[in-house]
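Note that the structure is predicted; figures quoted are calculated from it, not measured. In what follows, residues are counted from 1 in the order of the sequence shown.
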Amino acid sequence: QVRLVESGGGLVQAGGSLRLSCAASGTIFGISYMAWYRQAPATQRELVANITSAGSTDYVDSVKGRFTISRDNAKNTVYLQMNSLKSDDTGVYYCNMQDGAGSIYWGQGTQVTVPS
């Protein structure tokens, strides 16, 4: 049984930084990609950043230059370094993973709050 567990969320003032972590555990037959999504109240969940098995990264335009996604393959862990945070970054951040067999998994989410 595969589980994704996020950590590192919290409340930070505008301009501050947070580092989110997502650790995958259980029987994992490789990782195709890992990604971060976020969802603010009354909005649709959006893809924030992803990193493929080949190491390629992609970001939503609103976070380019401020957020960095990275991974530790040995630990099956993905990180999201968030700098220069603004109130629009507020939301629940979810870890997402596709394993080598094509199965999709989601974490429970971690709250990030940046007051206006």
Side-chain angles (χ1 to χ4, degrees):
Q1 186 174 358
V2 176
R3 283 211 311 155
L4 304 179
V5 179
E6 302 100 333
S7 62
L11 188 151
V12 63
Q13 290 186 292
S17 297
L18 285 173
R19 187 182 188 232
L20 306 183
S21 299
C22 172
S25 62
T27 303
I28 303 171
F29 298 96
I31 297 174
S32 179
Y33 68 79
M34 299 188 78
W36 288 97
Y37 287 72
R38 69 185 179 189
Q39 186 170 17
T43 69
Q44 291 185 286
R45 190 173 299 184
E46 70 171 343
L47 176 64
V48 178
N50 77 288
I51 183 166
T52 70
S53 61
S56 298
T57 60
D58 198 14
Y59 302 89
V60 67
D61 286 344
S62 61
V63 309
K64 288 180 178 177
R66 300 188 298 119
F67 290 11
T68 303
I69 188 169
S70 62
R71 66 185 183 190
D72 184 333
N73 291 332
K75 297 180 179 179
N76 288 333
T77 299
V78 65
Y79 306 93
L80 187 67
Q81 178 67 47
M82 305 185 294
N83 299 325
S84 301
L85 283 162
K86 56 183 70 175
S87 61
D88 289 347
D89 296 318
T90 294
V92 179
Y93 284 68
Y94 297 91
C95 182
N96 170 261
M97 179 185 78
Q98 183 181 64
D99 68 15
S103 297
I104 304 296
Y105 304 93
W106 289 93
Q108 191 66 40
T110 185
Q111 177 71 42
V112 173
T113 302
V114 186
S116 300

Visitor: Establish, from distance only, whether the side-chain atoms of Q98 and S32 form a donor-acceptor pair under 3.5 Å.
Guide: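 Judged by distance alone, the side chains do pair up.
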Visitor: For a 4.5 angstrom cut-off between non-hydrogen side-chain atoms, does L47 reach V60?
Guide: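 When only atoms from C-beta onward are counted, V60 and L47 do not touch, as no gap falls below 4.5 Å.
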Visitor: To the nearest 0.5 Å, tell me how far R19 CZ sits from S7 OG.
Guide: 9.5 Å
Visitor: Side chains of D72 and Y79, heavy atoms from C-beta outward: is any pair under 4.5 Å?
Guide: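 Counting from C-beta outward, D72 and Y79 do come under 4.5 Å.
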Visitor: Identify the two heavy atoms, one from T43 and one from Q39, that lie closest to each other, and give their separation to 0.1 Å.
Guide: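 Residues T43 and Q39, closest heavy atoms: O-NE2, 2.9 Å.
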Visitor: Within the 4.5 Å heavy-atom criterion, are F67 and L85 side-chain neighbours or not?
Guide: yes
Visitor: Should V92 and M34 be regarded as members of a common hydrophobic cluster, given that ILVMFWY residues are connected when their side-chain heavy atoms come within less than 4.5 Å of each other, either directly or indirectly?
Guide: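 No.
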Visitor: Transitively linked via ILVMFWY side-chain contacts under 4.5 Å: I28 with Y105?
Guide: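 I28 and Y105: one cluster.
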Visitor: For S17 versus S84, what's the shortest heavy-atom pair and its separation?
Guide: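 Heavy-atom minimum between the residues: OG-N, 4.3 Å.
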Visitor: Are the side chains of Q111 and L11 in touch, meaning some heavy atoms are under 4.5 Å apart?
Guide: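 The answer is no; the side chains never approach within 4.5 Å.
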Visitor: Quick check on ring-ring contact (aromatic ring centres under 6.0 Å, His included): which of W106, Y93, Y94 does Y37 satisfy it with?
Guide: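 Among W106, Y93, Y94, the one meeting ring-ring contact (aromatic ring centres under 6.0 Å, His included) with Y37 is W106.
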Visitor: If you look at every heavy atom in G8 and L18, which pair is closest and at what distance?
Guide: O-CD2, 3.7 Å
Visitor: Less than 4.0 Å between a side-chain N and a carboxylate O, is that true for K64 and D61?
Guide: yes
Visitor: Would a 4.5 Å heavy-atom cut-off, applied to side chains only, mark W36 and E6 as touching?
Guide: yes
Visitor: Step by step, work out the side-chain contact (heavy atoms from CB on, under 4.5 Å) result for N96 and R45.
Guide: CA-CA 12 Å; N96 170 261; R45 190 173 299 184; over 6 Å; no
Visitor: In Å, rounded to the nearest 0.5 Å, how long is the span from OG1 of T68 to CG of N83?
Guide: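 Reported value, rounded in 0.5 Å steps: 6.5 Å.
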Visitor: Do any N or O atoms from the side chain of T57 and from the backbone of I51 form a donor-acceptor pair under 3.5 angstrom?
Guide: no
Visitor: Taking the side chain from T110 and the backbone from G9, do they hold a donor-acceptor pair closer than 3.5 Å?
Guide: yes
Visitor: Taking all atoms of both residues into account, what is the closest heavy-atom pair of S116 and S87, and its distance?
Guide: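 So the two residues come closest at OG-CB, 3.7 Å.
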Visitor: With a 4.5 Å cut-off on side-chain heavy atoms, are D89 and M82 touching?
Guide: no
Visitor: Taking the side chain from Y59 and the backbone from R66, do they hold a donor-acceptor pair closer than 3.5 Å?
Guide: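 Judged by distance alone, no pair lies under 3.5 Å.
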Visitor: Side chains of R71 and I31: does their closest heavy-atom pair fall under 4.5 Å?
Guide: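 A side-chain contact under 4.5 Å is absent here.
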Visitor: For a 4.5 angstrom cut-off between non-hydrogen side-chain atoms, does L80 reach V78?
Guide: no
